[in-house]
Each structure stands twice: as C-alpha cells, then as structure tokens.
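Per chain, numbering begins at 1; letters A, B, ... match sequence-line order.
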Protein chains: 2
Amino acid sequence: MTTSAPSSLKPRKKPQQARASATLDAIFEATIQLLVKDGYPLLTTTRVAERAGVSVGTMYQCFPHKQSLIYAVNERYLEILAEKIEYTCRAALGLPAAAMAEALIDTYWAAKTERPDVTRALYRSVVEMDNEALIAEFAARTEAATTAMFASASNRSFSDVESVNRALVTVIFGTVRNSFERSHSEQEVNDLRRQLIAMCRAYLESCVG
Amino acid sequence: MTTSAPSSLKPRKKPQQARASATLDAIFEATIQLLVKDGYPLLTTTRVAERAGVSVGTMYQCFPHKQSLIYAVNERYLEILAEKIEYTCRAALGLPAAAMAEALIDTYWAAKTERPDVTRALYRSVVEMDNEALIAEFAARTEAATTAMFASASNRSFSDVESVNRALVTVIFGTVRNSFERSHSEQEVNDLRRQLIAMCRAYLESCVG
DNA sequence: ACATGATATGAAGGATTGTTCAGTTTGAGG
DNA sequence: CCTCAAACTGAACAATCCTTCATATCATGT
C-alpha cells in the first residue's frame, strides 16, 4: 500500500529508535482526535503537535508537510480496512453467494461502526489530499479479494462475475457511506442493514435464474 | 429550503436591481468553475471575485463570509435536484413499484451525470460548512416524495413502506455517489446502473412474496 | 436635471498558518 | 565515560487569506 504513494506524500523517515516510533503514534492519535473534535478546517500543525505532546519541528521530521500527515492517517485506516475485507473474503470461499454478500456487509458495516466519529471525520478529511491513488489502490485490493470470493461460490452461475461483483461492492460500500451522512436512529440503521442484505440476496437469486 | 438556513449562513441581501442579480449569477458560476478547476483548497474570495468580474467588496455585500457562499451554491444545487426528484415521483404515482425504482434511478443518475465534474466538485466542497441542516432538509423533502410514490404502487404489499423506501433511497443515492469516487469506464458505469435496477427490482419482488 | 439609495471598487488591515533552522537533548554503541 | 547521530525544541519567517471601509459609480424616481 505504501509503495504507490506519490513521493511527495510519503513520510520523511522511518523511526529508528523506540521514542521516535512512540512519537509517530502520538501524532497519528492526536490527528484523529482533533479531526473528530473540531473537523478538518481547524486542524493546524501547531495544534496537532501540541496535542501529541511534541513540538512542531518533530512533526516536520516525520512528515514533509501537512498533506502527507493526512495522507498517512487515511492510508493506515484503509490498510486495516482492506485487511479485514480480505480476511472475510478468504474465510467465505466456497460458501453460497448470498452468505458471501452477508459476510461482506457485516464486516464492512462493523468496521465503519466501530468508531463512527472517526469514520465520519476521515470521510471528510479526504478533501485536501490527492486521494485518487489511495482509493484506487484500495479498490483494486478489495475487488481482487471479492471477485475471487464470488467466483468460488458454491452455487455460482453468473453470466459475468466481474459485473456482479462490481455491482455488489459499489452498492454495499455506497449504502454504508450514505447511511453515515444521514442522522438515522440505531433502529433505522439496523433495519437498513437487514434490508440491504435482503436486497443482495434477492439480486443474487435473480442472477442465477 | 432557504428558510431553515442558519441566519449566519444566509445571503446578506437579495438583489433589487437587475445588475445585482446578474452579479449574483456571475459569482455562483465563478465559484463552481473554480471548484471544478482547482478544488476547494484553492478557492479564495479574491479568485472568485476576479473570475466573476467583480470586486471582493461586491461579493461581501452578497455574502457575509466565504462559508455562506459555499452554502448558497450547494443549496441551489440541492434545490434543483430535489425538484427533479419530486417531479419524477409525482409522474410515477400509481405505477408498479419496480417501474418507480427505475424512474428514480434514472432521474438521480442523469442529474448527477449531467455535469460530472460539478457533481464531484460539490461532493468535496461540503467540508468547510455546516451541512447537516442542508442534507437533513434535502433528505426530508426526498423521503416525503418517494414515500408517497411507493405507497401508491399498483402492486404494493409492503409490510413497512417507510422501511422499504428508506432502504431504496439510501442504496440508490449511495451507489451513485460511490460510483463517482471510483474511476469507472463509461461501459462499467452503464452496466452498474443496469445492475442496480435489477437489484431493486429483485428486492421489490421479494418484498411482495 | 437632481437627489438619493443601491451597487461596485480595491487597497489596507489583522490574524492565522505552514514551514524552517540553529541549537539542545537523548540514547545507543564502543 | 565518551562520542556521534538521531531525535527534539520552539521562536521567527514568509506567505496567504478573509474581511473591512472610505470612496466612487450607477440607476431610479421626481
């Protein structure tokens, strides 16, 4: 994941001593906390350093500029998310297609709901940075995993696996994101998730026939 | 729509002469153009005024501050979008549910695809402003229209119209948005739209049975 | 033609922020 | 204990940007 980051956005140096590594974590955590609390527009390098308990200079030895900080935070987040999805896909190999869709929905929804405020904050932090490469790589990893999964479905008979896969992934990810932008009650969210599963199941059955 | 805007975000004055109205349009257009060309981070009041062919002072007689400008642009955009959706919903009253879903998808997708760059730019401009009220009002208008539509379906037998409606709207809007964040080919997008329609149809049929 | 309010101008102010760098502290290895 | 590079500090700099206001121009009604 780190490999394809534009050179201008890459972190400046990797920590070689223990304290530097701790500093890096503190900076990440401070960034997320401030993003959640005050939002991106109020996120300044000074404030991040202050909150992380380090000086501004230290920050600039880790990241060449503010953008690379935001980039790194999102990269880390997407890395973890991608791993979870890949794990789920691997575990679901060979199952019926409907069970796969349900597993995918559960994993993705759970990952996003784990820390809803962070999810929301990161969704909105993607403005200032060149996120195309990041999203493209995440999408590539995801699609590879899900395509392999759906291709192994025990009841598979899709005319076009890639098309079906793309539809499911786009619908699921999009629905989850949209549900985060509205202010739904917990009940409504749970119901929405159930409806989404039903929708995917009905769609997959209609594909078979 | 304008009524519920926080007072601090409302435009300063309504134009009373012809030239002022023209100025307002020029400012809107300039804002959108710059948003599309350079993105939000590079959108400065000076540049907007320059591009609109007016001075900064003129801008500040229309809008008390930068935020209110962005707010107004998005408000205008959502106003038009809501009208289109309401029109579609009214025209589809009494049709079979599947036809309703298809009409909704067509309208929404067409509205977003009409000027894809503007759509993308506005999706990303929503960071700096307090958009909750805006989105809430849009959602309320939309849900009212779509709920009324689906409740009038000729083949309706939903156990819970509101639940089904919420699911369809969230899925459709979310899918369209997500498809805009990936770089799909035109073929893939068209196929995706067809799959989405198929998915909604299958879902609605499964609701009946 | 005149008066008056609406509209437009743009240089200047005030405040903030990203970034640097010369110097200090820390810690691991010899 | 000493050494040297890695890590850290934070005041200062430079650049930018939002916003204001005193002034000028325009359009309308009389």
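Of the candidate nucleotides D/dT9, D/dT19, C/dA8, C/dA8 has the atom lying nearest to any side-chain atom of B/Thr58. Of the candidates C/dT9, C/dG18, D/dT20, C/dT9 carries the atom nearest the B/Val54 side chain, counting heavy atoms from C-beta on. Looking at the side chain of B/Arg47, the nearest of the listed nucleotides C/dG18, C/dA11, D/dC17 is D/dC17. Of the candidate nucleotides D/dT19, D/dC17, C/dT19, C/dT19 has the atom nearest to the side chain of A/Lys66. Each of C/dT20, C/dT17, D/dT19 was ranked by its minimum atom distance to the side chain of B/Val56; first place goes to D/dT19. The B/Thr45 side chain lies nearest to D/dT19 when the options are C/dT19, D/dT19, C/dA8.
Within the structure, a side-chain polar atom (N or O) of A/Ser55 is placed less than 4.0 Å from OP1 or OP2 of D/dT9. Within the 4.0 Å cut-off from OP1 or OP2 of D/dA7, not a single side-chain nitrogen or oxygen of A/Thr23 is found.
Between B/Leu42 atom CG and D/dC17 atom C1' there is a gap of 12 Å when expressed in whole angstrom units. As a whole-Å value, the separation of A/Phe63 CZ from C/dT20 P is 15 Å. The distance between atom OH of B/Tyr60 and atom C1' of C/dG14, rounded to the nearest whole Å, is 13 Å. Residue B/Gln61 contributes atom CD, which lies 13 Å from atom C1' of D/dA22 at whole-angstrom precision. Atom NE2 in A/His65 sits about 15 Å away from atom C1' in C/dT17, given to the nearest Å.
The side-chain heavy atoms of A/Phe63 and A/Leu24, taken from C-beta on, include a pair separated by under 4.5 Å.
Residues A/Glu132 and B/Ser183 bring no donor and acceptor atom of their side chains to less than 3.5 Å of each other. Side-chain contact of B/Asn190 with B/Glu186: a donor-acceptor pair under 3.5 Å is absent, judged by distance alone.
In this structure, B/Phe158 and B/Ala97 approach most closely via the heavy-atom pair CZ-CB, 4.0 Å.
When atom types are taken as modelled, the side chain of A/Ser125 and the backbone of A/Leu122 share a donor-acceptor pair closer than 3.5 angstrom.
Among the atoms of the strands shown, only primed sugar atoms or phosphate atoms (P, OP1, OP2) are found under 4.0 Å from some heavy atom of B/Leu43.
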